[in-house]
There are 2 protein chains.
Amino acid sequence: MFKIINTMSLNVGAHLKAVRQMYSLSQRELAKRAGVTNGLISLIEQNRVSPSVSSLKKVLDGIPMGLADFFTLDLAGKPQVFFPRDELADIGSAQVELRLVGGRLAKRNMSILHERYAPGADTGEEMLTHAGEEGGVVVRGAIELSVGGDTRVLGPGDAFYFVSSLPHRFRNIGREECELVSASSPPTF
Amino acid sequence: MFKIINTMSLNVGAHLKAVRQMYSLSQRELAKRAGVTNGLISLIEQNRVSPSVSSLKKVLDGIPMGLADFFTLDLAGKPQVFFPRDELADIGSAQVELRLVGGRLAKRNMSILHERYAPGADTGEEMLTHAGEEGGVVVRGAIELSVGGDTRVLGPGDAFYFVSSLPHRFRNIGREECELVSASSPPTF
DNA sequence: TCATGGTGTTGATTATTTTAAACACTCTTG
DNA sequence: CAAGAGTGTTTAAAATAATCAACACCATGA
């Protein structure tokens with residue numbers, strides 16, 4: 001006699017199975033690493049039981065994967081990993097091209113941006129200030145960066161990292177386009 | 001007779017208590033919203049039981065908070081200082097050049113890396129797995145990226161973003177050097 | 001002083017998870 | 001075909017989680 005535990009959209013079983021298979025582990029192999037029985041893993045994957053947190057942690061330790069990552073992973077369909085150039089969301093303006101990596105991802109820790117500044121382009125009259133941190137690397141051309149009163153010109157290979165609550169501004173004062181890759185955490189976009 | 005469930009660094013009880021108090025809820029109030037008994041919440045907070053995932057979900061729904069957020073919750077970001085340009089620490093190998101942005105910063109939310117892969121270079125035989133998320137943009141050349149069983153070749157302007165606990169590997173299968181900028185959160189380096 | 005209503009805790013019972021061992025199935029090999 | 005090693009599944013017993021109802025404590029106020 002079966003009982004299917006349905007906890008709404010919480011499908012720990014299918015989720016665990018998918019993760020286990022991504023690591024090419026059999027139920028018995030994972031059970032051995034995790035210090036539980038293979039039967040338990042079978043029952044969990046069929047959603048015939050809802051594992052205790054401590055059990056689930058033991059199981060995930062055998063993979064290994066943390067609880068946070070486990071519950072962060074997207075259930076419905078595989079999360080998008082690869083983002084072709086054309087699929088990067090363009091959130092920039094006429095003069096500044098900002099391409100956001102992973103715009104479709106519901107949840108993430110960071111914004112990653114591929115930025116292009118036309119000659120003379122900048123991030124605006126007002127200095128920017130917002131929560132979190134940001135950093136990046138200049139790939140091509142040169143950019144003038146002001147942060148908290150300090151101003152520098154960065155060229156290819158140069159990098160930056162600062163607390164975003166300091167007033168900051170980017171300006172391309174050169175004659176050629178400037179290209180850089182940046183990241184912010186928590187996500188700005 | 002007491003038994004304290006040893007959950008290593010997994011302290012669901014204290015964690016739940018902290019969250020509940022942030023929302024100014026009593027055990028009974030939360031229990032009512034969550035559809036469980038106040039006694040259960042008491043036992044969980046004392047780590048006298050390790051709740052089943054379904055129970056914990058019910059409890060968190062009463063707050064409301066998702067499982068992922070619950071297990072992710074840890075800290076708050078810390079303000080940092082401006083990062084000078086000449087201080088990219090090289091942490092790579094002979095074939096892979098990894099330049100870390102902000103290597104001196106004691107505490108930060110992200111690692112930002114400027115990476116260069118020589119033709120034929122890769123991240124090693126073993127697939128990489130670690131906590132957190134990572135993403136990046138390819139700037140020059142091409143790189144083969146495998147994540148959780150999926151493999152793609154990415155060229156200039158193409159990007160990626162994934163949960164780092166999925167097994168992953170980078171390989172430059174092309175004839176020219178590949179350059180990319182990546183970020184991970186929390187910091188890998 | 002003694003209610004009243006709030007808090008978190010506890011013991012005994014019920015319900016569920018977890019184990020241990022066996023079962024069924026698919027391969028490969030002799 | 002039979003034996004062996006691999007896979008996932010199942011059942012009955014043991015261990016643990018969750019409930020229900022009572023308990024103890026601390027306020028406030030009649």
Side-chain angles (χ1 to χ4, degrees), chain A residues 1-65 67 70-71 75, chain B residues 1-65 67 70-71 148-149 167:
Chain A
M1 146 154 113
F2 279 33
K3 182 187 38 164
I4 302 298
I5 293 179
N6 193 351
T7 42
M8 296 154 281
S9 62
L10 177 67
N11 190 346
V12 172
H15 205 158
L16 175 59
K17 182 170 187 173
V19 169
R20 176 175 62 80
Q21 290 177 337
M22 281 180 179
Y23 287 79
S24 304
L25 296 171
S26 69
Q27 291 183 345
R28 280 185 163 80
E29 174 65 21
L30 176 54
K32 204 176 74 182
R33 298 195 192 189
V36 300
T37 57
N38 61 302
L40 174 58
I41 293 182
S42 176
L43 294 172
I44 293 173
E45 290 190 351
Q46 298 169 78
N47 285 328
R48 306 248 320 261
V49 299
S50 174
S52 70
V53 169
S54 56
S55 297
L56 182 59
K57 181 178 192 316
K58 278 202 285 186
V59 170
L60 293 177
D61 282 348
I63 288 185
M65 172 178 287
L67 286 161
F70 181 78
F71 287 110
L75 289 211
Chain B
M1 206 49 181
F2 279 35
K3 182 186 40 161
I4 302 299
I5 294 177
N6 171 26
T7 44
M8 295 166 278
S9 63
L10 176 69
N11 191 343
V12 172
H15 208 150
L16 174 59
K17 183 169 187 172
V19 170
R20 175 175 64 80
Q21 290 176 337
M22 281 179 185
Y23 286 78
S24 303
L25 296 171
S26 69
Q27 291 183 346
R28 281 185 162 81
E29 174 64 22
L30 176 54
K32 203 177 75 183
R33 298 195 192 188
V36 300
T37 58
N38 62 300
L40 174 58
I41 292 181
S42 177
L43 294 173
I44 293 172
E45 289 189 354
Q46 297 170 76
N47 286 328
R48 306 246 321 260
V49 299
S50 175
S52 71
V53 170
S54 55
S55 296
L56 182 59
K57 181 176 192 315
K58 280 202 286 187
V59 171
L60 293 177
D61 281 348
I63 287 187
M65 172 177 286
L67 286 161
F70 181 77
F71 287 110

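In what follows, chains are A, B, ... by sequence order, proteins preceding strands, each numbered from 1.
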Output one line per pair: protein atom, nucleotide atom from nucleotides 25-27 of chain D, and distance, for all N/O pairs under 3.5 Å.
none

Below 4.0 Å: OP1/OP2 of dT10(C) and any side-chain N or O of R48(B):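 The answer is yes; a side-chain N or O of R48(B) sits under 4.0 Å from OP1 or OP2.
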Under-4.0 Å side-chain N/O to phosphate OP1/OP2 contact, S55(A) with dT18(C):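 Indeed, a polar side-chain atom of S55(A) lies that close.
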First encountered from the 5' end of DNA chain C, between N38(A) and G35(A):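 The residue mapped nearer the 5' terminus is G35(A).
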Rounded distance [0.5 Å steps], CG in L43(B) versus CD in Q27(B):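 It is 9.0 Å, given to the nearest 0.5 Å.
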From L60(A) atom CG to L16(A) atom CG, the distance as rounded to the nearest 0.5 Å: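 One finds 6.5 Å between CG of L60(A) and CG of L16(A).
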N11(B) to N47(B) - nearest heavy-atom pair and separation: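 Answer, listing the atom of N11(B) first, then N47(B): OD1-ND2, 2.8 Å.
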Sequence neighbours excluded, every pair satisfying salt bridge (Lys or Arg N to Asp or Glu O under 4.0 Å) that has a member inside residues 16-26 of chain B: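 As it turns out, the salt bridge (Lys or Arg N to Asp or Glu O under 4.0 Å) pairs with a partner in residues 16-26 of chain B, which skip direct neighbours, are R20(B)-E45(B).
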Sort me out a list of protein N/O and nucleotides 5-7 of chain D N/O pairs below 3.5 Å, or just none if empty.
| unit_1 | atom_1 | unit_2 | atom_2 | d |
| --- | --- | --- | --- | --- |
| dT7(D) | OP1 | S26(A) | OG | 3.0 |
| dT7(D) | O4 | R28(A) | NH1 | 3.4 |

Separation of atom [atom1] in [X] from atom [atom2] in [N], rounded to whole Å:
X: L40(B); N: dG11(C); atom1: CG; atom2: P; result: 16 Å
X: Q46(B); N: dT7(C); atom1: CD; atom2: C1'; result: 13 Å
X: I44(A); N: dT19(C); atom1: CD1; atom2: P; result: 9 Å
X: K32(B); N: dG8(C); atom1: NZ; atom2: P; result: 14 Å
X: K58(A); N: dT17(C); atom1: NZ; atom2: C1'; result: 11 Å
X: L43(B); N: dT9(C); atom1: CG; atom2: C1'; result: 8 Å
X: N47(B); N: dG8(C); atom1: CG; atom2: P; result: 16 Å

Sugar-phosphate, base or nothing in reach of I41(A), heavy atoms under 4.0 Å: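 The residue I41(A) makes no contact with any strand.
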Touch class at under 4.0 angstrom, heavy-atom based, for S52(B) against every strand present: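 Since only primed, P, OP1 and OP2 atoms lie under 4.0 Å of S52(B), the category is sugar-phosphate.
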Under 3.5 Å, side-chain donor or acceptor atoms of residues 28-40 of chain B against the rest of the protein: list the pairs with distances, not counting sequence neighbours.
| unit_1 | atom_1 | unit_2 | atom_2 | d |
| --- | --- | --- | --- | --- |
| E29(B) | OE2 | R33(B) | NE | 3.1 |
| T37(B) | OG1 | L40(B) | N | 3.3 |

Under 3.5 Å: donor-acceptor pair, side chain of S50(A), backbone of S54(B):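 Yes.
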4.5 Å side-chain heavy-atom contact, L56(A) and F71(A):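 The answer is yes; the side chains approach within 4.5 Å.
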Nearest-nucleotide comparison on DNA chain D, the residue closer to the 5′ end among P51(B) and K17(A):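 Counting from the 5' end, the first nearest nucleotide belongs to K17(A).
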